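Data block below; observations after.
Not measured: the values here are computed from a predicted model.
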Amino acid sequence: MNRAARPLRIIRYAWAAPCSAVGLVLAGLALLLGGTARTRSGVLEVALRRDARAVDFPFGAITFGHVVLGLNEPMLDRLRAHEFVHVGQYERWGLAFFLVYPVSSLWQWLRGRNPYWDNHFEIEARDADKQQERRRYTGQ
């Protein structure tokens with residue numbers, strides 16, 4: 001990392017730190033219950049269980065600041081691009097993300113739309129998924 005980028009990175013981590021703290025508490029609980037942890041590009045990824053299945057939980061992964069909790073390691077690998085978009089959203093919004101995300105869902109619900117699939121922040125993350133799939137398909 002070049003010297004100019006380091007202060008900006010520190011600011012982004014500090015801005016998202018309250019949200020990351022929530023993730024760290026949940027990560028600690030997951031680790032106490034047998035989960036595993038690793039870091040990728042400055043993000044702590046915690047796999048809840050090796051044998052966890054998607055039917056056991058309502059989500060494949062969830063992000064809190066710079067902490068991503070996933071069902072298992074293959075799920076974390078599959079959802080990394082999507083969840084890293086959420087990391088970036090926390091870096092932009094900080095603690096306010098805990099408010100703006102559900103407000104976006106509520107707004108969609110009030111409009112008769114799906115609160116998850118039509119949530120602005122999920123649409124942005126799914127776009128990253130599509131770009132990653134295109135790169136895989138085209139070999140770029």
Problem - Distance-only side-chain donor-acceptor flag, E45 / T39, under 3.5 Å - result: no
Practice task
Could you tell me which non-hydrogen atom of G23 sits nearest to which non-hydrogen atom of V67, and how far apart they are?
Solution key: O-CG1, 3.6 Å
Exercise for the section: Taking atom types as modelled, find out whether Q89 and Y101 have a side-chain donor-acceptor pair closer than 3.5 angstrom. Expected result: no
Problem - Hphob cluster co-occupancy, I62 + L76, side-chain heavy atoms under 4.5 angstrom - result: no
Exercise for the section: Go through V68 and L44 one step at a time and tell me if the side-chain contact (heavy atoms from CB on, under 4.5 Å) criterion holds. Expected result: CA-CA 6 Å; V68 178; L44 177 66; over 6 Å; no
Exercise for the section: Indicate yes or no: at least one non-hydrogen side-chain atom of L24 is less than 4.5 angstrom from one of L26. Expected result: no
Completion exercise
In this structure, CZ of R80 is separated from CE of M75 (nearest 0.5 Å) by 13.0 Å
Exercise for the section: Answer yes if the ring centres of Y90 and F64 are under 6.0 angstrom apart, and no otherwise. Expected result: no
Problem - Fellow cluster residues of L32, listed by chain then number, with links counted only when side-chain atoms sit under 4.5 Å apart - result: none
Exercise for the section: Could you state whether W109 and W117 fall into the same hydrophobic cluster, counting links through intermediate Ile, Leu, Val, Met, Phe, Trp or Tyr residues with side-chain heavy atoms under 4.5 angstrom apart? Expected result: no
Practice task
Can you label the angle between the F97 ring and the H86 ring as parallel, tilted or perpendicular, going by 30° and 60°?
Solution key: tilted
Handout entry: CD on E124 to CG on D127, rounded to 0.5 Å
Key = 7.5 Å
Practice task
For the pair D118 and R126, find out whether any cationic side-chain nitrogen is under 4.0 Å from an anionic carboxylate oxygen.
Solution key: no
Exercise for the section: I would like to know whether R38 and E73 meet side-chain contact (heavy atoms from CB on, under 4.5 Å); could you show each step before the answer? Expected result: CA-CA 10 Å; R38 62 186 178 191; E73 290 181 15; 3.8 Å; yes
Exercise for the section: Drop me the distance from L95's CG to W15's CH2, to the nearest 0.5 angstrom. Expected result: 8.0 Å
Fill in the blank from the handout: Heavy-atom closest pair (S20 atom, G65 atom, distance to 0.1 Å) is OG-CA, 3.4 Å
Handout entry: salt_bridge(R113, E122) N-O dist < 4.0 Å
Key = no
Problem - Trace of the side-chain contact (heavy atoms from CB on, under 4.5 Å) decision for V22 with F98 - result: CA-CA 11 Å; V22 172; F98 282 156; 4.1 Å; yes
Fill in the blank from the handout: The reported gap from CG in L48 to OG1 in T36 (rounded to nearest 0.5 angstrom) is 9.0 Å
Completion exercise
Value for CZ (R111) from CG (L106), rounded to nearest 0.5 Å, stands at 12.0 Å
Exercise for the section: Answer yes or no: is there a side-chain heavy-atom contact under 4.5 Å between F84 and R40? Expected result: yes
Exercise for the section: Give the intermediate values and the outcome of side-chain contact (heavy atoms from CB on, under 4.5 Å) for residues W107 and N119. Expected result: CA-CA 8 Å; W107 177 246; N119 181 302; over 6 Å; no
Exercise for the section: Answer whether the closest heavy-atom distance between the side chains of H66 and V87 falls below 4.5 Å. Expected result: yes
Problem - Closest non-hydrogen atom pair, S104 against H120 - result: OG-N, 3.1 Å
Handout entry: Spacing of S105 atom OG and Y116 atom OH [to the nearest 0.5 Å]
Key = 9.5 Å
